[in-house]
Number of protein chains: 2
Amino acid sequence: MTDYELLPILGQQPRERSDAARNRDAVLCAAQQLIDRCGVDAVTMDAVADAAGVGKGTVFRRFGNRAGLMARLLDESEAAFQASVISGPPPLGPGAPPRERLLAFGRARLVSNLTNADLLLAASGADTGRSYAAYSFTATHVRYLLGQLDVGGDVPLLATALLAPLEVPILRQQLTIEKMSVERISDGWEDLANRVVGPPAPGR
Amino acid sequence: MTDYELLPILGQQPRERSDAARNRDAVLCAAQQLIDRCGVDAVTMDAVADAAGVGKGTVFRRFGNRAGLMARLLDESEAAFQASVISGPPPLGPGAPPRERLLAFGRARLVSNLTNADLLLAASGADTGRSYAAYSFTATHVRYLLGQLDVGGDVPLLATALLAPLEVPILRQQLTIEKMSVERISDGWEDLANRVVGPPAPGR
DNA sequence: AATAGAAGCGGACCGCGGTCCGGTTATGTC
DNA sequence: GACATAACCGGACCGCGGTCCGCTTCTATT
């Protein structure tokens with residue numbers, strides 16, 4: 001027996017058992033209710049297990065750790081965000097010129113990150129990679145737009161340079177400690193993006 | 001360049017008791033030894049208290065929490081960094097044109113952040129504000145250089161935009177997950193800085 | 001329906017960060 | 001040098017995230 005039979009077969013996982021599915025939904029639902037009523041900090045693994053009528057081990061089995069659970073809770077809003085980028089109305093969705101799409105994307109990401117700030121912080125470092133998957137979409141989209149804009153330079157690095165100031169800890173510091181307004185930060189990001197992208201191509 | 005927030009502003013607090021001073025040094029020394037021998041993760045509050053021959057409560061009293069202790073351990077290298085920026089040789093220190101100083105600063109900060117990556121992560125969120133004080137110096141310096149470069153726009157925001165991609169979690173992701181080299185990241189940051197600052201003023 | 005076996009379950013258990021308070025010790029004053 | 005007081009000390013205690021392993025329950029097979 002060689003080892004590669006143990007490798008995960010990506011397409012065809014053995015079907016989820018019915019009790020497992022039920023418990024998974026119960027946990028997610030209980031966690032969401034806890035957040036709505038008492039905030040993210042109240043989402044203790046014990047509390048959510050208890051509220052879901054489930055053992056603690058079950059929660060960890062399904063979600064790996066607290067960050068993983070949080071990442072799953074983010075999935076819904078993240079999917080909506082991705083949908084409006086991929087197939088929503090311009091300028092966020094397709095149809096607008098790349099520069100406008102980029103600016104709209106930055107503003108949208110800023111608002112989205114602020115809306116889910118607590119959850120995002122709690123989800124950072126999820127081993128499951130969920131959190132990274134969400135980031136990966138964002139980065140890929142920005143790279144795509146930068147490519148369309150013929151911006152030159154190291155596109156992946158420029159993409160992270162544009163995204164880094166939108167990370168929650170940095171936004172938090174600007175809002176809380178340095179007392180900046182969201183509008184100011186948003187306008188500042190637009191300025192940054194324009195500097196990075198450079199002046200509009202004249203002939204086009 | 002007035003506003004610099006230098007590291008230990010040893011004001012005139014009611015004098016520290018001798019036993020307290022001894023214990024403080026013992027704790028810092030023990031923590032440093034633990035890091036050198038077993039890495040940052042081994043610096044448990046119990047372990048460091050034990051190694052220092054001190055009660056756990058004492059450690060918390062002096063440093064607030066684990067992040068505060070880590071921040072103090074960073075003080076030495078941070079002070080050295082600040083010294084070479086303020087009074088070291090150019091281009092990092094004074095004497096070089098602002099643009100060169102900015103580029104040198106970015107590279108130096110990048111290296112410094114990577115060198116102390118574990119410690120910086122463990123120190124993030126220190127309630128004592130130590131960690132923020134260190135950041136504040138960095139931000140102030142970049143703002144100062146941007147001001148000298150007559151860069152226009154919202155200088156504080158541009159400064160954080162330049163510093164955000166140098167934060168440890170982002171560097172970690174680029175190095176570990178996306179397999180970028182330090183040189184590539186460093187060159188990319190230089191490109192970013194040049195785009196933000198804009199072309200050199202011709203007459204000057 | 002009976003069975004085999006795996007996937008799932010759950011709660012006891014651990015280590016860590018952080019708190020608290022009764023006892024101890026250093027320091028200024030007489 | 002003795003005293004008063006405030007600062008300091010230390011370890012017992014708590015809650016939380018995370019692990020582990022014996023037991024239960026579902027599902028596929030006959």
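Given the structure is predicted, the values throughout are model-derived calculations rather than measurements. Chain A is the first sequence line, chain B the second, and so forth, proteins listed ahead of strands; every chain is numbered from 1.
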For [Y], is there an ion pair with [X] - N to carboxylate O distance below 4.0 angstrom?
| X | Y | value |
| --- | --- | --- |
| Arg184(B) | Glu190(B) | no |
| Arg107(A) | Asp187(A) | yes |
| Asp118(A) | Arg172(A) | yes |

For atom [atom1] of [X] and atom [atom2] of [N], their distance in whole Å:
| X | N | atom1 | atom2 | result |
| --- | --- | --- | --- | --- |
| Arg24(B) | dC9(D) | CZ | P | 11 Å |
| Asn65(B) | dG17(C) | CG | P | 11 Å |
| Asp46(A) | dG17(D) | CG | P | 7 Å |
| Phe63(A) | dG18(D) | CZ | P | 14 Å |
| Asp50(B) | dC16(C) | CG | C1' | 14 Å |
| Arg62(A) | dG10(C) | CZ | P | 12 Å |
| Arg66(B) | dG17(C) | CZ | P | 5 Å |
| Met45(B) | dC16(D) | CE | P | 20 Å |

Cationic tip of Arg101(A) within the cone over Tyr144(A)'s six-membered ring, i.e. under 6.0 Å and within 45° of the normal?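 No, Arg101(A) does not lie over the aromatic ring of Tyr144(A).
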Is it possible for you to check whether Arg109(A) lies under 6.0 Å from the centre of the six-membered ring of Phe81(A), through NZ or CZ, and within 45° of that ring's axis? yes
Pull out every protein N or O sitting under 3.5 Å from an N or O of nucleotides 11-14 of chain C, one pair per line with the distance.
from    : atom 1 : to       : atom 2 : distance (Å)
dG11(C) : O6     : Gly57(A) : N      : 3.3

Any Arg61(B) side-chain N or O less than 4.0 Å from OP1/OP2 of dC8(D):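 For dC8(D), OP1/OP2 do not have a side-chain N/O of Arg61(B) under 4.0 Å.
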Please tell me if Asn23(B) has a side-chain N or O lying less than 4.0 Å from either OP1 or OP2 of dC9(D).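 For dC9(D), OP1/OP2 do have a side-chain N/O of Asn23(B) under 4.0 Å.
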Aromatic plane relationship, Phe105(A) with His141(A) - under 30° parallel, 30 to 60° tilted, over 60° perpendicular: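 Geometry flag for Phe105(A) against His141(A): tilted rings.
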